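Only one structure is covered here, and it is reproduced in the block below.
Every chain is numbered from 1, with letters handed out A, B, ... down the list of sequences. No experiment lies behind these values; they were computed from the predicted model shown.
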Amino acid sequence: MSILREQLTAGFEKIYRQLNEQQRRAVDHLEGPVMVIAGPGTGKTQLLAARIGRILQETDALPENILCLTYTDAGAVAMRQRLQSFIGAEAYRVNIHTFHAFCNDIIQDNRTLFEKNSLEPVSELERIELIKTIVDGLDKDNPLKRYRGDAYFEISNLKNLYSDMKREGWDAAFIKTGIREYLEDLPNREAFIYKTSRAGKYNKGDLKQEAIENEKDKMARTAAAADTFVIYQELLHRHNRYDFEDMINWVLTAFREHPYLLAQCREQYQYILVDEYQDTSGSQNALVSALLGDDPTPNIFVVGDDDQSIYRFQGANVVNMLNFAQAYAPVLYTIVLTENYRSVQPVLDVSRALIGHNEERLVNKLPGLEKVLKAAHPDRMHDLTVPRLCIYANPFQEMAGLAGELESLIREQGVPPEHIAVIYRENKYGEALSRFLQMKDIPVYAKRKQDLFKEPLAVKLLTLLRYIAAETEVPYSGDGLLFEILHYDLYGVPPVEVARLSVEVAEKSFREKTSLRAYLQDWLKTRNPTLFEQRPHEALFEVARKLEGWIGAAFNTTLQELTERVIREGGFLPHVLQSPDKVWLMQVLSAVFDFVKAETRRNPELNIGGLVRTLDLMERNGLPVAINRILGNEHGVNLLTAHGAKGLEFEYVFLAGGNATNWEKKRKPSSGYTLPDTLLETPAKYQEEEELRRLFFVAVTRARRHLSISWCRENNEGKALEPSRFIAELREGSDLPEETVTPDSNRLADFAALEFTAAAPRISAEGQEWIDRLLDKFVMNVTALNNYLDCPLKFYYNNLLRVPSGRSEATEFGSAVHHALERLFLKMQESEDRSFPAEEVLLNDFRWFMHHHRESFTREAYARRMEYGQDILRHYYQQYAAGWNKVVSIELNVRHVVVDGIPLKGKLDKLEFNGNAVNVVDYKTGNYERKGTREKLLPPNEKNPLGGDYWRQAVFYKLLLDHYKLKDWRVASTEFDFIEPNKKKEYYKHRIDITAEDTATVLSQVKTVWQQIRQREFYTGCGKPDCHWCHFTSTHHQQLETEDAETE
DNA sequence: CAGGTAGTCGTTTTT
DNA sequence: CGACTACCTG
């Protein structure tokens, strides 16, 4: 007996004696294939570890000859720890890996086999960048190409598609064959044939052409996407990168092409164990098969529970278990573990009733299999606790009630919080709940991935970097960001001072081109540029000096050094250290820094502009930089999603949010491209329900003793809800009583007070006499009117302070289109025969403008907008040129109009005359079919008593022109001319004929708003949750007062 | 039953 | 943005 064997014998015997009959049989059956079906709580990890011990004890195998494959890192770690407690340090010689780590090792150890000597896994970010180049390279009529909105929208869809294709082993040809079959089959399907007739339109039995066209469009998208797959593979290859799916597929290929590699592996791994076998995907399973080869009795030991397979969305496939059983049927030793060490019998009974509703189970597929879990410790039956079903009035009460229950368990019954778990379907629920519990000082423990880009501190740091980048690339282009930066609490500048500065600059820039930055610079250099201006607040200079330093440094230091300097000098550290949340905030800071480090390591040439473009790309694609935040500590109540709870157990389990809408009625998000159903073998709908039921089963079986499931009768808006059907299924056989729970009113009131009552942010109005000066100069215009009606703060910042705003890609594009059309009409007017110049002239003017403002675009955006703009203008010209009214006035600036004592002004794109009747034309870029556009055109109605913004604009123009003393015009109508066509290339004009009532309504709006503005009622925001300026005010105004929503 | 439209909502998780 | 549902209307 070797030393190792002696060592492990003593410890092992003790463990072995604790095993039950079934487990011992599984451990002892060393040779040939074994499949263990291990229900929840049946001691699976213990079993695997014991078996490894047994192999080492009974055979000549060395630890190195054993391969244990798991699904997750956590699984591998847990496994090794358990093994270590049996056999000590030798445990480290056993090969315990995740599938991916195992394959990655093989690739890295045999790089020459993979044709490259520098090969690295692709990072998430690189992957996005590669796919971005694919999207950029799509040609004009590719159905995936988008010109407006989010041009890179397809990136994440493509990413998912590639993963699916790799996991399933599909190529483009296979998908397109599927599509062809699908489309050919459509005419045979009931859903595409009319069942009734309608006179003049269609007869019974006709095909629904429109629906078929629709499917064809969808399939064209899918096919186009599948076609890019080879490009993606090619790009990966060229960059010496491979992705997660490749790890497994490549090794499979290598095994096929280089038999000696496979032989070598087979020789080394004499005993193979696979944990969580129900979670293996098709390719992972193929890997296992390859390692086993054609040996009819391989030493393979798989453990899994088909009822706990909850990762099908990642490619996991229960069918693997079934195939395994069938492949080795003659020699397979199958064991079902049914003795449950975790839960009391009533919990087991309930979960059994539930899972019994699934069809896709091994017990239904394999003969002679039975899986009825029995509590291993019947002595615990004496304090039998029956699962509870609690019904709350609404989610709010549910959380309050839950908090109450937790509170009394912990404070009155002395239950350690870590013995309690609240389990729910989605993280979102947990977020709300943890906020709730923390307010009541109930300790919580939740691990959560948070998006770095959503953390205010990170946003501040990144905004600084963005600002520096903007100023480095195009000097004085970052004023919008600067305005924000000056408000940072890091610098202690009173917001009033920033406002004053901003106005000063806005006024000055009438006379000469200037900017916040230039203005501050002037002061820094000369102390007092003009004797008449008041010196800005001292703290502003502090910030300005720092910023100038960084902008200078950007040219001379590495990106890493610059970032470090910004963190060091930018006031971040003292701010973090003073905060009660300092641990977390430090984590945020280092995460940003780590991100920059990682990016520069991957791309040493990266400069700050490149970094910012990367950030933009990630942000636009909703690609989070995940950062793990641990909420509370391990002595708190566990807050978990059902997925996250897998493998864990708790004395008390509260399964919250048991409504149908959270489970089987939750609609699943569209996955980008619709696949033809000819590709998929099983009816998806059915499968999904079974998978969800398994998830519910996992959640329920986490409970040792106490299980409480709750649902709500209504949602917080008062709409009726129903319980999940799984709850009804649980109750079959064991008559669980329902309890309607109403938290006592004191507690509810407590929570209501704690709840975030929507508060309208408010700026302190004191000390702003200088605002009077601004008000004196203020002239009413449509934008101001619309802004004020939307949110008074929006008016305050945009129209009064005239906060500098960056020229966005979209607005610049709009200007280019406006410009080109303006020139077109002017040239017509100037021409001798009053004829319109050629189409090419129009396009030329457009190109000229774009070219002169190209700094507002990224290179890709520029090319894309250029192409798109010319395309729509060309069609626009062809559509309308013949019929244009030539009696027009272009870009008229109307000032000095006074109506009822109120000064008005406005700028009009185009006036078309018919005698002295005027049709005002306003160009709109943007798709008129876009959401919200229609409402903007509507006069007041119940839903929007103020009327839409465009409608108001139309009426305002009439008001303006009708009172325009210089001319005797009558405005008959206003027309909104949409320059962008819809998908079908149709152009659209919307004409508003203005009634006397309309004029009266808008006039009264103008009067009211005018009066309110004169009375300085613009310091309180609208309080709408998505209002930019309300958000800005509440984050940056320290002296903010919140106005209670109740004071109404 | 078919078509239009307004309204709603946009996971779970690992490598 | 766009896919899906619920509801309304002919």
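- Side-chain contact, A:Arg425 with A:Asn662: no donor N or O sits under 3.5 Å from an acceptor N or O.
- Using a 4.0 Å cut-off between a side-chain N of Lys or Arg and a carboxylate O of Asp or Glu, A:Asp243 and A:Lys166 qualify as a salt bridge.
- In this structure, CG of A:Leu69 is placed 14 Å from P of B:dT15, rounded to the nearest angstrom.
- With rounding to whole Å, A:Gln308 atom CD is found 16 Å from B:dT12 atom C1'.
- Position along DNA chain B of the nearest nucleotide to A:Lys208 versus A:Lys428 favours A:Lys208 as the more 5'-ward residue.
- Using a cut-off of 4.0 Å between Lys/Arg side-chain N and Asp/Glu carboxylate O, A:Asp246 and A:Arg241 are scored as not salt-bridged.
- Per the geometry, OH belonging to A:Tyr71 stands 9 Å off P belonging to B:dT14, to the nearest Å.
- Remark: P of B:dA2 and CD1 of A:Ile193 are 11 Å apart, rounded to the nearest angstrom.
- Between A:Asn157 atom CG and B:dG10 atom P there is a gap of 17 Å when expressed in whole angstrom units.
- With both ends at atom P, the span from B:dT11 to C:dA3 equals 16 Å, rounded to whole Å.
- A:Tyr277 pairs in a side chain to side chain contact (heavy atoms under 4.5 Å, CB included) with only one of the listed residues (A:Leu69, A:Asn285, A:Val303), which is A:Asn285.
- At B:dT13, one or more side-chain N or O atoms of A:Asn427 fall inside 4.0 Å of OP1 or OP2 (strictly under the cut-off).
- Atom pair A:Arg127:CZ and B:dT15:P shows a separation of 14 Å (rounding to whole Å applied).
- In this structure, A:Asn659 atom CG and B:dT11 atom P are separated by 18 Å, rounded to whole Å.
- Here the nucleotide nearest the side chain of A:Thr641, chosen from B:dT13, B:dA2, B:dT11, is B:dT13.
- In terms of phosphate contacts, A:Lys218 brings no side-chain nitrogen or oxygen within less than 4.0 Å of OP1 or OP2 of C:dG2.
- The existence of a salt bridge linking A:Glu154 and A:Arg221 is confirmed by a sub-4.0 Å separation between a basic side-chain nitrogen and an acidic carboxylate oxygen.
- Atom NE2 in A:His643 sits about 8 Å away from atom C1' in B:dT11, given to the nearest Å.
- Nucleotides of DNA chain B nearest to A:Tyr194 and A:Glu426 differ in position, and the one nearer the 5' end is that of A:Tyr194.
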